[in-house]
Amino acid sequence: MNLLDVLEGRDWSIQQAIQTTFPFDPQFYSSYVRPRLRKRNCDLPLVLIDGSRYEKEITNSDWSAAPIGTDYLLEPVATPGVFHPKINLFASDRSVYYSISSANLSLEEYCKAAQIGYADGFQKNTLTDEPTQVAESYYISKDVRDFFTDLIDQDGLVTGQDARNYITETAETLSWLDDAVDTGAFDQIERTTRFLSNISDPILSQALTQLDERDWVGNISRAQLYAPFYGTPDVLQRLATKLNADQLDLLVDEESTALEVGRLSEAMDGIDYTVRKMESKRTTRWVHAKFLMLEGDWGRACLYG
C-alpha cells in the first residue's frame with residue numbers, strides 16, 4: 001500500500017477529511033497532503049493531534065508560519081495518556097473512504113518508514129447495487145465515523161468548537177450509512193475485519209473477546225509481537241499472561257527497538273518466549289509498524305495499528 005496514494009481517496013470527491021496523528025509535520029502536510037486533498041475538492045480538512053505534542057510544538061517557527069486555521073484545522077486531543085491513532089476518514093454524500101495505519105502525518109513516516117495499514121471505501125450506489133461486496137467495509141466505515149463522534153462525546157477530549165462542529169458535520173454527511181441499506185442483506189456475511197479503539201475499553205481485551213466468541217482463546221499455539229518501542233518486561237509479562245500462548249516470539253529491530261532483554265528472564269519466568277531479530281533487506285527504511293500475530297489450529301488473526 002502506497003500511503004501517499006491513500007490520500008487520493010480513490011479519486012472520489014471529498015467534502016470533509018478527518019485525519020489523526022501523534023506528531024505533526026506542517027511542511028509535509030502543506031507539500032504532500034493538502035495538494036492531494038485539494039484535487040478531490042476538500043477545502044478545509046481537520047487534523048487531530050495528541051494534546052501534549054501540540055503544546056510542545058505550537059510555538060515552533062515552522063508551525064507558527066503554517067496556514068493553520070485557514071488551509072486546514074489543527075486540533076489537540078487532551079487524553080489522560082497519549083492520543084495515538086493514525087486514521088484518515090474522507091466523507092462525501094456519495095462516498096466514504098478510510099485508512100487505518102501505523103503512519104503519522106510526517107514525511108519520514110509516509111515516505112521512508114515501513115508501515116502496516118488497511119484502506120478501503122465504497123460509493124453510496126454500491127450499497128443497493130452490490131451490497132454483499134461492501135459488507136465489511138460498510139461496518140468499518142460506520143465504526144470509524146462513530147469513533148470520531150465518540151471523541152467529542154467524551155468530556156474534555158476535543159474542546160475546540162470548530163473541530164467539534166466539523167466532526168458533527170462529517171457524521172451528518174455520512175448519515176446515508178444509516179439510511180441507505182437494509183443490513184439484513186449482510187446477515188450471512190461473516191466479518192473477518194474489525195475496527196477497535198480504546199475510548200471505552202482496552203484494545204487487547206476487545207481483541208481477546210473477539211477470539212473468545214470464536215472459541216479461540218486458550219487455543220493460541222504461537223503469538224508474534226512487534227513494536228518499534230516496547231514497554232517494560234513487566235508489561236510484556238502481563239501481555240503474555242493475557243494471551244496464554246504456547247509460544248511467544250518478540251521480534252526486535254536492533255536499530256530502532258529498545259528492549260531490556262537482560263530483564264526479560266526474570267519477568268517472563270515460566271513463559272515460553274524467544275527474542276528474534278528482524279533482518280531487513282531495505283537498509284534505507286526502518287520499521288514503524290506495530291502488530292500482534294496469533295496462530296492456532298483455527299487459523300491466524302492479526303491485531304495491528
Side-chain angles (χ1 to χ4, degrees), residues 3-9 11-93 95-101 103-111 144-175 197 199:
L3 287 170
L4 291 177
D5 287 346
V6 166
L7 300 173
E8 300 282 354
D11 295 340
W12 297 332
S13 178
I14 299 171
Q15 291 170 229
Q16 288 104 6
I18 305 177
Q19 301 172 283
T20 69
T21 187
F22 177 60
F24 179 69
D25 180 349
Q27 294 182 350
F28 166 75
Y29 198 79
S30 291
S31 299
Y32 288 82
V33 183
R34 280 303 284 128
R36 287 169 168 80
L37 294 179
R38 199 174 288 113
K39 283 198 305 182
R40 307 274 70 80
N41 302 317
C42 181
D43 293 329
L44 188 71
L46 168 65
V47 179
L48 300 176
I49 179 177
D50 175 70
S52 61
R53 291 301 295 258
Y54 180 90
E55 292 180 3
K56 179 181 178 182
E57 305 288 350
I58 191 62
T59 56
N60 287 352
S61 59
D62 57 341
W63 280 49
S64 59
I68 299 171
T70 55
D71 199 33
Y72 56 89
L73 300 176
L74 184 68
E75 176 71 16
V77 180
T79 61
V82 295
F83 183 70
H84 209 249
K86 291 87 177 175
I87 301 170
N88 293 309
L89 175 63
F90 303 153
S92 82
D93 54 14
S95 64
V96 61
Y97 188 80
Y98 59 86
S99 70
I100 301 101
S101 75
N104 292 294
L105 289 171
S106 70
L107 179 66
E108 177 74 21
E109 297 197 18
Y110 259 71
C111 301
V144 173
R145 178 200 63 184
D146 294 346
F147 165 75
F148 290 113
T149 56
D150 288 345
L151 273 182
I152 62 174
D153 286 341
Q154 301 289 318
D155 289 340
L157 292 188
V158 179
T159 58
Q161 194 57 50
D162 287 344
R164 295 178 63 84
N165 290 343
Y166 195 104
I167 292 171
T168 300
E169 291 169 6
T170 303
E172 291 173 352
T173 297
L174 292 177
S175 61
S197 82
I199 290 180

**Prompt:** Can you find a pair of side-chain heavy atoms, one from E75 and one from I49, that are under 4.5 Å apart?
**Reply:** no
**Request:** Please work out which of the three classes, parallel, tilted or perpendicular, describes the rings of Y29 and F24, given edges at 30° and 60°.
**Result:** tilted
**Message:** Could you check whether any side-chain N or O of T20 sits under 3.5 Å from a backbone N or O of I87, counting only pairs where one atom can act as donor and the other as acceptor?
**Reply:** yes
**Prompt:** Do the two ring centres, one from Y110 and one from Y32, sit under 6.0 Å apart?
**Reply:** no
**Asked** Any side-chain heavy atom of I167 within less than 4.5 Å of one from T149?
**Response** yes
**Request:** Classify the side-chain pair S106/N104 by whether it contains a donor and acceptor separated by less than 3.5 Å.
**Result:** no
**Prompt:** Any idea which heavy atoms bring Q15 and D93 closest together, and the distance?
**Reply:** OE1-N, 2.8 Å
**Item:** Minimal non-hydrogen separation, G81 against D50, with atom names
**Value:** O-OD1, 4.3 Å
**Prompt:** Given side chains that start at C-beta, do those of I152 and F148 come closer than 4.5 Å, heavy atoms only?
**Reply:** no
**Prompt:** Quick one: does D71's side chain get under 4.5 Å of R38's, heavy atoms only?
**Reply:** yes
**Request:** Indicate the atoms forming the closest heavy-atom contact of S30 with P67, along with that distance.
**Result:** OG-CD, 3.9 Å
**Prompt:** Any side-chain heavy atom of V33 sitting closer than 4.5 Å to one from V47?
**Reply:** no
**Message:** What verdict does the side-chain hydrogen bond (donor to acceptor under 3.5 Å, both in side chains) test give for D62 and Q27, after you've listed the backbone C-alpha separation in whole Å, the side-chain angles of each residue and the deciding distance to 0.1 Å?
**Reply:** CA-CA 7 Å; D62 57 341; Q27 294 182 350; 5.0 Å; no
**Prompt:** Between F90 and L37, is any pair of side-chain heavy atoms under 4.5 Å apart?
**Reply:** yes
**Request:** Quick one: closest heavy-atom pair of G156 and A78, and the distance?
**Result:** O-CB, 3.7 Å
**Message:** I need the minimum non-hydrogen distance between T173 and S92, along with the two atoms involved.
**Reply:** CG2-C, 3.3 Å
**Prompt:** What closest approach, in Å, do L105 and F28 show between heavy atoms, and which atom pair accounts for it?
**Reply:** C-CD2, 3.7 Å
**Contact check, side chains of P45 and R34, non-hydrogen atoms, under 4.5 Å** = yes
**Request:** Would you check if Y97 and V6 make a side-chain contact, meaning some heavy-atom pair closer than 4.5 Å?
**Result:** yes
**Prompt:** Checking side chain to side chain contact (heavy atoms under 4.5 Å, CB included) for the pair L174/L89: CA distance, chi angles, key distance, verdict?
**Reply:** CA-CA 11 Å; L174 292 177; L89 175 63; 4.3 Å; yes
**Prompt:** Does one side chain, of D150 or Q154, offer a donor that lies under 3.5 Å from an acceptor on the other?
**Reply:** no
